[in-house]
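Below, chain A is the first sequence line, B the second, and so on; all start at residue 1.
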Amino acid sequence: MDKKIEIVTILENKFIAKDVCEISFNYSFDVEPGQFVNLYLNSKDKLLPRPISVCRKEGDLLTLVYGVVGKGTEELSSYEKGCKIRVSTPLGQGFYLDQVERGKSAMLIGGGIGIPPLLELSYALLEKGVRVEAVLGFKEQPFLIDDFPCNVHLASDEGTVGFHGNVLDLIKAKGLNADYYFSCGPKAMLKAVAEYFPDVQLSMEERMGCGYGACLGCVCKTKEADGITRKKVCQDGPVFWGRDVVWDE
Amino acid sequence: MDLYFGEGMLSGMNNLDMSVNIAGVKWKNPITTASGTFSVRESGAFYDLSELGALTTKGVSYEEWEGTATPRIAETYGGMLNSIGLQNKGVGPFIEEELPLLKKYDTPIIVNVVGKTIEEYCRVVERLSETDIDMLELNISCPNIKEGGISFGTEPKMAFSLVEKVRKITKKALIVKLSPNVTDITEIARSVEAAGADCLSLINTLLGMRIDVAKRKAVLANRVGGLSGPAIKPVALRMVYEVRRAVNLPIIGMGGIMTGEDAVEFLMAGADAISVGTASLIDPTAPLRIKNELREFMLEYNYKSIKEIELLEE
């Protein structure tokens, strides 16, 4: 029995961009970059947990950045400082960092609300002596860019900040490359990134039920030695190798 | 007379006995998990599963089933829709990988069985009958599987032939899980009883739908799916009440049970035991909490056994 649900007190919960919120609270569990936590809403009509990836953990302070995309995250964004909320212990398979070698280089490719988990990853990689640069794409309004402890290349769909276009166009235009690639963002972006950099580690998103591996609500098709299998995004993922993901859905 | 010293008696407290006897199988309390919402590894990471009256597995088919496309989950007001499509690795891997894990817990094992044909159901039942599982639950009612227009869960004759055939090949206690997506649930309950079932479980999910108005598309890739959660509790309760008056078989009641009080409602409606389903997705330890709440209720209202929890009717 190593998992549980805890009640935490919100220290801060504020908008940092249009439809993007940052929430923080004290959290004693160790988290790995790429893992997520389930946040449980206080209202009784919205039952399912909201799985939110870890953006930053400093000491006991956990910060999550989430998109306000529906009624659930709307309710979450209304919770004020001091409000209590149920949260799970860390869940899922984070980024694979065991094989990462000191002195090598890593490129973090993020799009929109897929950017937050790359922040914790950037710190973890720097700690391992890896040179890090981030390529971050936004629709319009950027967020978190000043928090990255590394060189950041910006792209925006509307041309409001940085390169006018998507992250992959920017990477191609500047001829960027690295020893390791990590990416999180919209599915179309992940697919394009995985085609360009097959060795990339992707953090996938899927509509989840329980968020802890019991219901099989969220699955990702992957190529295995014995054919195609359906893995649980909440447990076997959310991080998968780009070359393994089957993109037909 | 059946002499059994339940938990309460052994601990010397209040002579409270939560045990129940379901089709000849002794459960230490009337709480089990609803099929599809429990996984031995994942749920076992949160609490000691031996605390439950029985453990009910996800649906097991003969060969591997891939399940439906994603999204498979949609939240609804006070409930959720799912169209998992019974993804599972098949009975072989189940017996090799899952069963040993389930056996580690000191509580009966109920294996939920699915199939697309009578033959398929029978093959799974044959394999499982060779193992030391305690009970079988025939899932004749999953709304996400439809094969060639055959609907075991909604046509009494089909249900009868399936249960009759399965009955002949197994001595295991046989539960049949009923669908609420019928005009009269008592009709199918009676035919299943006549075919030799030992127990009924009800209800499975109600067929439902949600639409994303911005995309002008159904939220679920499968378009429709099974509705579960507190939103369906009144319907489930009414159906348990109706079936109780139609058959003599023990009933495992389920449908939106979130609290001990909900469990009591089902017991009063005529259930002999209850399953916790969607609540486990919201709170992984819900079955244990509900068991404890039921116990508190019994203490508060001075019930000595589960059997005493009955409806007072004129």
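Within the model, atoms CZ of B:Phe46 and CD1 of A:Ile5 stand 5.0 Å from one another, a figure rounded to the nearest 0.5 Å. A distance of 4.5 Å separates OH in A:Tyr212 from OG in B:Ser43, rounded to the nearest 0.5 Å. The OH atom of B:Tyr77 sits 10.5 Å away from atom CG of A:Leu47, with the distance rounded to the nearest 0.5 Å. To the nearest 0.5 Å, atom CG of residue A:Leu91 and atom CD of residue B:Glu42 are 10.5 Å apart. Note: B:Asp283 CG to A:Asn38 CG = 11.5 Å, rounded to the nearest 0.5 Å. In this structure, A:Asp45 CG and B:Glu75 CD are separated by 8.0 Å, a value rounded to the nearest 0.5 Å.
Proximity to chain A is limited to the side chain of B:Val219, based on heavy atoms less than 4.5 angstrom apart. Proximity to chain B is limited to the side chain of A:Tyr40, based on heavy atoms less than 4.5 angstrom apart.
Heavy atoms of other residues, nucleotides or ligands lying less than 6.0 angstrom from CD of A:Glu80 number 12 at most. Shown here is B:Glu261, whose CD atom has no more than 12 heavy atoms of other residues, nucleotides or ligands within 6.0 Å. Atom CG of A:Asp30 has 12 or fewer heavy atoms from other residues, nucleotides or ligands within 6.0 Å. Atom CD of B:Glu63 has 12 or fewer neighbouring heavy atoms from other residues, nucleotides or ligands inside a 6.0 Å radius. Atom CZ of A:Arg243 sits in a crowded spot, with more than 12 heavy atoms from other residues, nucleotides or ligands closer than 6.0 Å. Heavy-atom neighbours of A:Lys223 NZ from other residues, nucleotides or ligands within 6.0 Å: above the threshold of 12.
Within the 3.5 Å criterion, the main-chain N or O of A:Arg230 finds no donor-acceptor partner in the side chain of B:Glu66. In this structure, A:Lys3 contributes its side chain and B:Gly44 its backbone to no donor-acceptor pair below 3.5 Å.
When each of B:Thr278, B:Leu281, B:Asn82, B:Thr37 is checked for a side-chain contact (heavy atoms from CB on, under 4.5 Å) with A:Cys215, only B:Leu281 meets the rule. Of the candidates B:Thr70, B:Thr68, B:Ile84, A:Val219 forms a side-chain contact (heavy atoms from CB on, under 4.5 Å) with just one, namely B:Thr70.
When all heavy atoms of A:Met208 and B:Ile73 are compared, the pair lying nearest together is O-CG2, 3.7 Å.
Chain A forms more heavy-atom pairs under 4.5 Å with one residue of B:Ala45, B:Gly78, B:Ala221 than with any other, namely B:Ala45. Of the listed residues B:Gly67, B:Gly229, B:Ser280, the one with more heavy-atom pairs under 4.5 angstrom with chain A than any other is B:Ser280. Considering only heavy-atom pairs separated by less than 4.5 Å from chain B, the leading option among A:Gly217, A:Gly72, A:Cys220 is A:Gly217. Chosen from B:Gly79, B:Ala231, B:Ala279, the residue pairing most often with chain A at heavy-atom distances under 4.5 Å is B:Gly79.
Counting only heavy atoms from C-beta outward, the side chains of B:Pro71 and A:Glu206 approach each other to under 4.5 Å.
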